[in-house]
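Start at 1 and go down the list; that is how both ligands and their atoms are numbered. All residue numbers refer to positions in the sequence shown, counting from 1.
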Amino acid sequence: MLSKIRGTKDLFDEEALSWEHMEKTCQSVFHQYGFTPLRTPIIESLELFKRSVGEVTDIVQKEMYQFIDRSNQEIALRPEGTAGIVRAVIENHWIPESGSLKVYYYGPMFRAERPQKGRQRQFHQIGAEYFGSSSIYADAETIEMLIRFLNTLGIQGSVLHLNNIGSAEDRKNYAALLKKYIEQNGIDKKLTPEEQARLQKNALRLLDSKNPELKDHLKNAPRIAENVSLESQQNFKELCQVLTDLQIPYTLNPNMVRGLDYYTHTVFELTHEALGAQDAIGAGGRYDRLVEELGGKPTPAVGFAVGVERLMIILEQSKKAQTTSRPSSFLIALGDAAKQKAFGILSDLRREGLSIEMDFDSRSLKANMRTADRKKANVVLILGEDELKNGVIQVKDMFSNQTDKQTQVPIAELPNFLKHKYPIDKGNVC
Ligand code: HAM
């Protein structure tokens with residue numbers, strides 16, 4: 001038997017419907033904030049990720065799915081969404097001369113990581129990117145939107161971690177400072193070979209190492225947020241104040257530097273204890289240089305992405321997973337003449353906005369009732385020979401405890417009857 005690739009997942013029925021619900025929730029919340037959808041391809045040039053995410057990051061060095069296609073181009077399956085979005089807005093000239101552009105996206109991303117709870121090789125992100133504003137209010141609005149989205153889904157208890165990693169130049173100076181601290185305190189001698197390599201290539205990443213010994217060695221190291229320009233420190237202070245005013249709690253996490261190279265100034269991560277080891281629901285930050293680095297005009301930007309699988313874990317654990325509605329009426333026709341009439345009724349009811357389906361394979365009433373049960377239909381319509389002769393249909397309420405759970409309704413009155421008894425806005429029939 002053929003099986004799915006390790007680290008991927010098939011979604012069906014309840015689970016897939018919960019995803020649809022999540023997608024709809026993100027659309028309605030993000031539209032409220034003026035964000036508009038942008039869909040970019042899953043395949044992009046490998047070069048794009050090398051230049052944006054960074055050559056010496058784990059994502060580019062170890063985790064990308066990359067291949068050479070039939071016309072010898074180096075291609076990668078996107079490991080994240082921001083790079084493709086930035087490429088698209090530059091290439092299509094979508095960033096206005098003045099003013100901002102706010103976009104959101106939803107889709108699969110690919111990283112060849114070791115699969116575990118909350119970590120897959122094909123996973124999905126919901127993300128948003130805000131171009132054209134360097135105001136800390138843009139940071140605050142983006143963070144607020146992310147938290148509103150989670151709250152609307154019913155997720156409580158996430159923790160917002162914040163840090164300021166300054167400009168690219170600040171980071172270069174800080175990396176030298178950190179390296180000096182590590183060497184002066186003999187910490188370099190205690191590093192594993194992989195950590196040694198990091199020290200040389202990307203010293204900042206030592207700060208968010210999960211190795212408890214290294215964490216302990218670095219606990220008194222100089223802090224990045226205190227070693228960035230005064231302007232950046234002042235902006236960050238203002239952002240913290242705005243978040244406090246919005247009653248958004250946060251914790252300052254001086255060791256959070258993020259694993260992608262494009263960030264500048266504000267970085268953030270949202271964690272949730274229900275997730276276990278992979279506890280980040282989502283993350284983001286400012287990337288004021290990336291548009292220019294990829295060939296566009298200098299444009300400040302800020303954004304985030306959340307992991308859909310991780311949201312689902314939290315929702316399932318807190319039993320708050322919701323689904324979009326499904327067809328919830330089922331029509332049973334007994335006999336060929338009834339089937340022919342029933343097919344027209346299906347079409348009429350759907351035209352009226354009602355959701356309904358039918359099994360066309362002339363099974364028995366009992367078999368059809370079993371199917372209706374399995375599909376959790378709340379109304380079953382039965383059209384037999386007698387009903388057909390009299391121009392009526394039996395309407396059976398599957399969830400009613402009343403004795404009159406089955407009513408006979410003239411076919412011509414059926415749409416009005418159903419709409420009145422099972423209003424669409426209550427999600428009963430539609
Ligand atoms: P990231 O931190 O690499 O940031 O990923 C964002 C979120 O994607 C993570 O917090 C996590 O929930 C989810 N995620 C990442 N890898 C996996 C995986 N292997 N399996 C399941 N979920 C995963 C970014 O991707 C940036 N593009 C975010 C951003 C947007 N920054 C600015 N704009």
Residue pair Tyr262, Tyr287: steps toward the ring pair (Phe, Tyr, Trp, His ring centres under 6.0 Å) verdict: CA-CA 6 Å; Tyr262 49 63; Tyr287 48 98; 5.5 Å; yes
Kindly confirm or rule out an N or O of Ala128 lying under 3.5 angstrom from an N or O of ligand 1. no
Looking only at distance, does Phe123 have an N or O less than 3.5 Å from an N or O of ligand 1? no
Among all protein heavy atoms, pick out the one at the shortest distance from atom 26 (C) of ligand 1; state its residue, atom name and that distance to 0.1 Å. Tyr262 OH, 3.3 Å
Set of side chain to side chain donor-acceptor pair (under 3.5 Å) partners for Asn151, sequence neighbours left out: none
So, Lys297 and Glu97, do they make that salt bridge, N to O below 4.0 Å? yes
Validation: residues 176-185 side-chain donor-acceptor distances under 3.5 Å, sequence neighbours left out:
residue	atom	partner	partner atom	Å
Lys179	NZ	Gln200	OE1	3.3
Asn185	ND2	Tyr181	O	2.7

Check for me whether Glu309 has a heavy atom closer than 4.0 Å to any atom of ligand 1. no
Ligand 1 contact by Gly127, heavy-atom criterion under 4.0 angstrom: no
Tell me whether Arg148 is salt-bridged to Glu144, with the criterion being a basic N under 4.0 Å from an acidic carboxylate O. yes
Has ligand 1 got any nitrogen or oxygen that is less than 3.5 angstrom from a nitrogen or oxygen of Glu80? yes
Could you tell me whether some N/O pair between Arg119 and ligand 1 is separated by less than 3.5 angstrom? no
